[in-house]
Amino acid sequence: MTLAFDEPRIQEVVGALSRKMLINGEWVDAASGKTFDSINPATEEVLASVAHGEAEDADRAVRAAREAFEEGSPWRKMPHGQRGKVLHKLGDLILEHLEEFALLESLDNGKPYAVAKAADVPLAADLFHYMSGWTTKIEGNTIPVSAWDPDAYLAFTLREPTGVAAQIIPWNFPLLMAAWKVGPALAAGCTVVLKPAEQTPLSALLLGELAMRAGVPAGVFNIVTGFGDAGAALASHPDVDKVAFTGSTEVGREIVKAAAGNLKKVTLELGGKSPNVVYADADVDKAIAGSAHAIFFNQGECCVAGSRLYVEESIYDQVVEGVAEQARTIQVGNGLDPNTTMGPLVSQEQFDRVTGYIGSGKDDGAGVIGGDRVGDRGYFVAPTILTGTKEDMKAVQEEIFGPVVAAAPFNAEKDILPVANNTNYGLGAGVFTRDISKAFRTARRLRAGTVWVNTWNVFDATLPFGGYKESGGGREMGHAVFNNYMETKTVITDLS
């Protein structure tokens, strides 16, 4: 197997990021001096030793962020246009370090290097470029005081940054999720403490280094690496004004509880069990390719993965066999192998979770296509289709977060929509049909924050993203994201 990078180059990129975290513009050890190992999921070998941040480190980072937010600080005094230039420069630097970021994403997460280079890293840069333009366009309004003499009163609103934002991100898109959180918070004028997932801390550390190089002042962007206790310390910290979390619904509930102490604002982007509805009048080839991409992209480790596939009965066998054929063409292997199109799952824990759900589906009577372990080293699982599934199956109701789709036929539009919405989640959904009226009708009735029509996994910095129901609250990206990081102040002036 030929890899895209040799060992000396890997060590050069990874070694520079080991053991330290970013607090108040300095690379520091954890207060305890402890480190933890980041594991390469393709080889199960130690990739790097990273600072093991705990509550004391979270407190240090919050105090630095608070000081950087106070009136008179360089960040608060920086003209909005200059803040935009800093963010745009950060986007430029991400592109300048495209290969290093893609390498880190592949090593730390397992995803194919080629995918990270083509999608994850450019989209992260685009997010900062897009958000940089908003720094000069966040504005209030003058308001007529309708209940009083309009000549006696002047009223207007101001949009002001919320304050210190604690941001806790997952391991499936480490750099991109950091960008989704950090970009709008900094554009709004907040200061940030970022807590990356313990499985994938390295790209966040490189992002911190480039942020300082772009001109982000000390204390404005801090990074605490560690486990769930560090995230809990941030969520409960009395000097944090805002918590933004992306991850599982179970942990999201704990974040809400922890944030209740000072009633800090919380936004959540949580789990999903997205329905993909394929009607008989769809372009079948397009529906097959789209359905396979919906579930197998990024090893199925996507919160919006199209993990419930509902196909109109007359084309059910054709679509399932087509998706199965697509799965058989997927090359599972080390993400640094140029031939790889699907990497390993991120950890032993995730491997056990995914294979456990495959076993559960089989035990409940589903047919299983694929689902085998690939190789004897690394956390590799073959793409999997569970056929003939029933709604009460565990594999249908619960989020798997792996390359496993549950397929079932349906008879008519009126029958499938209640089934598609029969989930506690509501993050993503999709529909494949040539009938534009049916497409819009179905999209309106699907209870999800994003609905794709004849496509899947299209994201853009301009498009709001978030969930209904237990998939969370609040929106990432687009103009809507600033509701997460800004306050509206009303000012009423007596002119007499």
Side-chain angles (χ1 to χ4, degrees), residues 118-119 123 126 130 269 272-298 300 302-327 385 387 389 391 396 405-469 471-472 474-481:
L123 286 172
D126 185 58
Y130 172 76
E269 195 258 280
K273 195 70 178 176
S274 301
N276 178 19
V277 178
V278 179
Y279 289 110
D281 60 7
D283 178 328
V284 175
D285 290 340
K286 191 170 188 177
I288 288 170
S291 298
H293 180 63
I295 185 59
F296 300 137
F297 174 67
N298 204 58
C302 294
C303 47
V304 291
S307 54
R308 293 187 295 141
L309 175 59
Y310 299 108
V311 186
E312 200 159 357
E313 193 164 29
S314 63
I315 62 167
Y316 173 78
D317 290 340
Q318 183 182 359
V319 170
V320 169
E321 178 51 38
V323 174
E325 183 57 35
Q326 294 264 323
I385 302 155
T387 61
T389 57
E391 284 301 296
V396 175
V405 61
F410 70 92
N411 291 316
E413 178 184 345
K414 65 180 177 60
D415 300 323
I416 189 54
L417 287 166
V419 175
N421 287 327
N422 181 29
T423 173
N424 293 333
Y425 298 110
L427 194 59
V431 54
F432 285 84
T433 177
R434 286 190 175 100
D435 184 331
I436 190 169
S437 296
K438 187 185 293 182
F440 285 146
R441 196 163 56 238
T442 303
R444 273 296 292 270
R445 293 179 63 188
L446 287 168
R447 296 277 295 161
T450 297
V451 179
W452 286 283
V453 178
N454 296 325
T455 187
W456 205 286
N457 283 328
V458 175
F459 299 95
D460 189 89
T462 64
L463 303 176
F465 178 81
Y468 288 24
K469 299 186 281 186
S471 287
R475 292 294 181 266
E476 311 274 10
M477 301 192 295
H479 186 207
V481 73

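One-based numbering along the sequence shown.
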Contacts of F432 meeting ring-ring contact (aromatic ring centres under 6.0 Å, His included) (sequence neighbours excluded), chain-then-number -> none

Which residues satisfy the side chain to side chain donor-acceptor pair (under 3.5 Å) test with [X], sequence neighbours excluded?
{"X": "Q326", "result": "none"}
{"X": "E269", "result": "none"}
{"X": "S307", "result": "none"}
{"X": "D126", "result": "none"}

Kindly give the heavy-atom pair with the smallest separation between [X] and [Y], and that separation in Å.
{"X": "G428", "Y": "P275", "result": "O-CD, 3.5 Å"}
{"X": "A305", "Y": "G300", "result": "CB-O, 4.0 Å"}
{"X": "T423", "Y": "K273", "result": "OG1-CB, 3.9 Å"}
{"X": "C303", "Y": "F465", "result": "SG-CZ, 4.4 Å"}
{"X": "V453", "Y": "A439", "result": "CG1-CB, 3.8 Å"}
{"X": "E391", "Y": "R308", "result": "OE1-NH1, 4.2 Å"}

Identify, with sequence neighbours excluded, every residue that meets salt bridge (charged side-chain N to carboxylate O under 4.0 Å, His left out) alongside [X].
{"X": "R441", "answer": "E413"}
{"X": "K438", "answer": "D281"}
{"X": "D415", "answer": "none"}

Using residues 284-291 as the side-chain source, report each donor-acceptor pair under 3.5 Å to any protein atom, sequence neighbours left out, with the distance given to one decimal.
| from | atom 1 | to | atom 2 | distance (Å) |
| --- | --- | --- | --- | --- |
| S291 | OG | N276 | ND2 | 2.9 |
| S291 | OG | A287 | O | 2.7 |

Quiz item: Is the backbone N or O of A407 less than 3.5 Å from a side-chain atom of T389, with the two atoms forming a donor-acceptor pair by type?
Solution: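 It does hold such a pair.
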
| request: Give the C-alpha distance, both sets of side-chain angles, the deciding distance and a yes or no for side-chain contact (heavy atoms from CB on, under 4.5 Å) between F410 and V419. | output: CA-CA 9 Å; F410 70 92; V419 175; over 6 Å; no

_Just so I know, are the side chains of L427 and T450 near enough to count as touching, which here means a heavy-atom distance under 4.5 Å?_
no

The complete set of salt bridge (Lys or Arg N to Asp or Glu O under 4.0 Å) pairs with one or both residues in residues 311-326, sequence neighbours excluded, reads E321-R328, E325-R328

Restricting to side chain to side chain contact (heavy atoms under 4.5 Å, CB included), what partner residues turn up for V405, sequence neighbours left out?
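In terms of side chain to side chain contact (heavy atoms under 4.5 Å, CB included), with neighbours along the sequence ignored, V405 is linked to I295, L309, I385.
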
Side-chain donor/acceptor pairs under 3.5 Å, residues 454-463, sequence neighbours excluded:
| from | atom 1 | to | atom 2 | distance (Å) |
| --- | --- | --- | --- | --- |
| N454 | OD1 | T433 | N | 3.0 |
| N454 | ND2 | T433 | O | 3.0 |
| W456 | NE1 | V304 | O | 3.1 |
| N457 | ND2 | H293 | O | 3.4 |
| D460 | OD2 | T462 | N | 2.9 |
| D460 | OD2 | T462 | OG1 | 2.7 |

Output for pair (N421 CG, I416 CD1), nearest 0.5 Å, gives 9.5 Å

